[in-house]
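Read the numbers this way: they start at 1 and go in the same order the structure lists the ligands and their atoms. It should be emphasised that the depicted structure is a prediction, and the values quoted were computed from it without experimental measurement. Note: hydrogens, waters and symmetry copies are ignored here, and every other heavy atom, side chains too, is used.
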Amino acid sequence: MTAAILRSALRRSAAASYSSSRGFASSPGQQRKVAILGAAGGIGQPLSLLMKLNPLVSHLSLYDIAGTPGVAADVSHINTRSEVRGYAGDDQLGQALEGSDLVIIPAGVPRKPGMTRDDLFKINAGIVKSLCEAISKYCPHALVNMISNPVNSTVPIAAEVFKKKGVYDERRLFGVTTLDVVRAKTFYAGKANANVADVNVPVIGGHAGITILPLFSQATPSANLSAEEITALTKRTQDGGTEVVEAKAGKGSATLSMAYAGAIFADACLKGLNGVPDVVECSFVQSTVTELPFFASKVRLGKNGVEEVLGLGPMTDFEKQGLEALKPELKSSIEKGIAFANTN
Ligand SMILES: NC(=O)C1=CN([C@@H]2O[C@H](COP(=O)(O)OP(=O)(O)OC[C@H]3O[C@@H](n4cnc5c(N)ncnc54)[C@H](O)[C@@H]3O)[C@@H](O)[C@H]2O)C=CC1
Ligand SMILES: O=C([O-])CC(=O)C(=O)O
């Protein structure tokens with residue numbers, strides 16, 4: 001696949017999400033440094049490729065504990081705008097982060113069959129905490145896109161770290177839930193017989209099992225699906241990650257679709273930073289739309305990150321039940337993250 005085809009696929013997909021640029025172009029001339037932490041991993045490598053294809057990026061900084069010089073050398077040969085640098089190991093983390101406008105974090109261990117995302121907490125919580133401490137020091141004003149699982153806990157950990165360091169700005173911290181939206185769109189298009197490029201589906205809540213709540217009643221274009229079909233679509237979206245973990249049979253979790261989703265969300269953040277109006281994506285952010293302190297819903301992105309957290313919109317009884325059912329689990333994952341950050 002050529003870069004042009006990939007770039008145009010990314011553009012089409014972004015246009016088909018909630019983003020609508022209304023003819024305003026984000027200037028590719030603006031200087032934007034993007035750092036990827038965990039860049040040598042299963043997600044990190046294809047995400048590095050996709051961010052190298054993004055014309056809004058002027059500097060691409062690839063960091064991992066090891067393996068990044070090779071990834072950076074490889075990606076740097078692609079004849080697109082951005083200058084690529086690879087950084088490996090703690091000593092180089094500061095340089096990797098300095099001056100970043102956007103930091104994407106896919107660092108940490110992935111699931112194996114039989115594990116929940118929460119089973120990753122033990123290892124990933126510490127990784128995320130130390131990376132966020134470095135962000136506080138070297139690029140405290142950067143937008144942060146958290147991919148590392150469990151997102152329902154790693155985002156609250158990041159918030160607590162930033163608060164402790166006196167640099168927390170809730171508008172700049174995002175849990176990446178775009179893969180849930182990508183899956184919901186794909187599965188819905190299949191059932192509704194719709195052109196997938198035209199499909200929109202908001203996904204709210206969090207990013208684990210039943211905390212992932214697609215709102216198919218708000219899907220466009222609308223389709224006359226039965227209650228059984230909606231139930232099945234909801235469950236498939238909630239179990240999408242597990243479907244991939246099982247298919248990979250011990251070799252990790254979603255990497256390629258996640259890199260795609262991460263690139264779409266990062267592109268939306270960059271467009272927002274560049275002043276493109278009406279950029280709207282779902283994300284797990286600090287929120288008051290429910291009683292929970294963090295929640296995923298549609299978010300309008302702007303020059304400072306989150307410009308507005310949008311409401312949930314009208315829901316069916318099935319969706320309202322899903323919302324009530326997810327709250328206890330999401331609440332306890334959030335509290336677990338907060339407690340970790342304050343005791344470690
Ligand atoms: N938010 C979402 O929708 C999704 C999240 N994920 C999560 O993303 C994470 C990464 O998944 P994969 O790329 O498949 O794993 P992977 O194991 O292939 O790659 C992880 C990378 O992180 C690096 N790493 C570990 N500690 C680090 C540190 N302190 N600093 C920098 N890099 C470090 C490793 O060296 C490795 O290269 C997992 O936690 C996974 O559960 C995966 C899919 C979807
Ligand atoms: O399922 C996992 O462990 C990885 C993930 O978050 C996803 O694919 O949605």
Side-chain angles (χ1 to χ4, degrees), residues 35-48 61-72 86-94 96-97 103-135 144-155 157-158 174-184 186 203 205-209 211-212 214 236-248 250-266 282-284 296 333:
I36 302 179
L37 311 184
I43 296 166
Q45 292 201 33
L47 181 58
S48 300
S61 173
L62 306 181
Y63 174 81
D64 205 304
I65 45 178
T68 19
V71 178
Y87 302 92
D90 255 2
D91 293 354
Q92 299 186 356
L93 179 54
L97 289 172
V103 180
I104 313 174
I105 312 184
V109 290
R111 284 202 283 167
K112 288 189 170 16
M115 292 170 81
T116 65
R117 290 180 182 80
D118 185 58
D119 292 332
L120 305 173
F121 187 97
K122 256 198 190 120
I123 297 179
N124 290 354
I127 292 174
V128 162
K129 182 169 174 275
S130 65
L131 292 174
C132 289
E133 282 166 354
I135 290 169
V144 175
N145 288 181
M146 184 67 72
I147 292 175
S148 310
N149 270 316
V151 166
N152 293 353
S153 303
T154 53
V155 169
I157 290 172
F174 303 87
V176 180
T177 58
T178 319
L179 183 53
D180 303 316
V181 175
V182 164
R183 286 175 176 143
T186 304
V203 182
H207 179 68
T211 72
I212 299 166
R236 186 158 183 220
T237 305
Q238 292 173 332
D239 294 345
T242 306
E243 188 178 316
V244 178
V245 168
E246 281 168 3
K248 289 199 176 179
K251 295 219 163 77
S253 56
T255 53
L256 304 174
S257 51
M258 181 58 237
Y260 170 78
I264 294 286
F265 190 69
C282 291
S283 180
F284 183 67
S333 299

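Contacts of K248 with ligand 2, taken as heavy-atom pairs under 4.0 Å, are absent altogether. The side chain of R117, and not its backbone, has at least one atom closer than 4.0 Å to an atom of ligand 2 (non-hydrogen atoms only; side chain from C-beta on). If you look at L120 next to ligand 2, there are no close heavy atoms at all, none under 4.0 Å. Neither the backbone nor the side chain of V151 has a heavy atom within less than 4.0 Å of ligand 2.
Of the candidates N149, V182, T116, V176, it is N149 that places a heavy atom closest to atom 4 (C) of ligand 2. The heavy atom nearest to atom 8 (O) of ligand 2, out of those in M258, R183, H207, E246, is found in R183.
Among all non-hydrogen protein atoms, the one lying nearest atom 3 (O) of ligand 2 is R111 NE, 2.6 Å.
Residue G241 has at least one heavy-atom neighbour below 4.0 Å for each of these atoms of ligand 2: 1 (O), 7 (C), 8 (O), 9 (O). Heavy-atom proximity to T255, at under 4.0 Å, picks out these atoms of ligand 1: 14 (O).
Considering both main-chain and side-chain atoms, A107 never comes within under 3.5 Å of ligand 1 through any nitrogen or oxygen pair.
Using modelled atom types and a 3.5 Å distance limit, the side chains of N152 and T211 yield a donor-acceptor pair.
Within the structure, ligand 1 lacks G252 among the residues with a heavy atom less than 4.0 angstrom away.
Judged by distance alone, the side chain of T154 and the main-chain N or O of S148 form a donor-acceptor pair under 3.5 Å.
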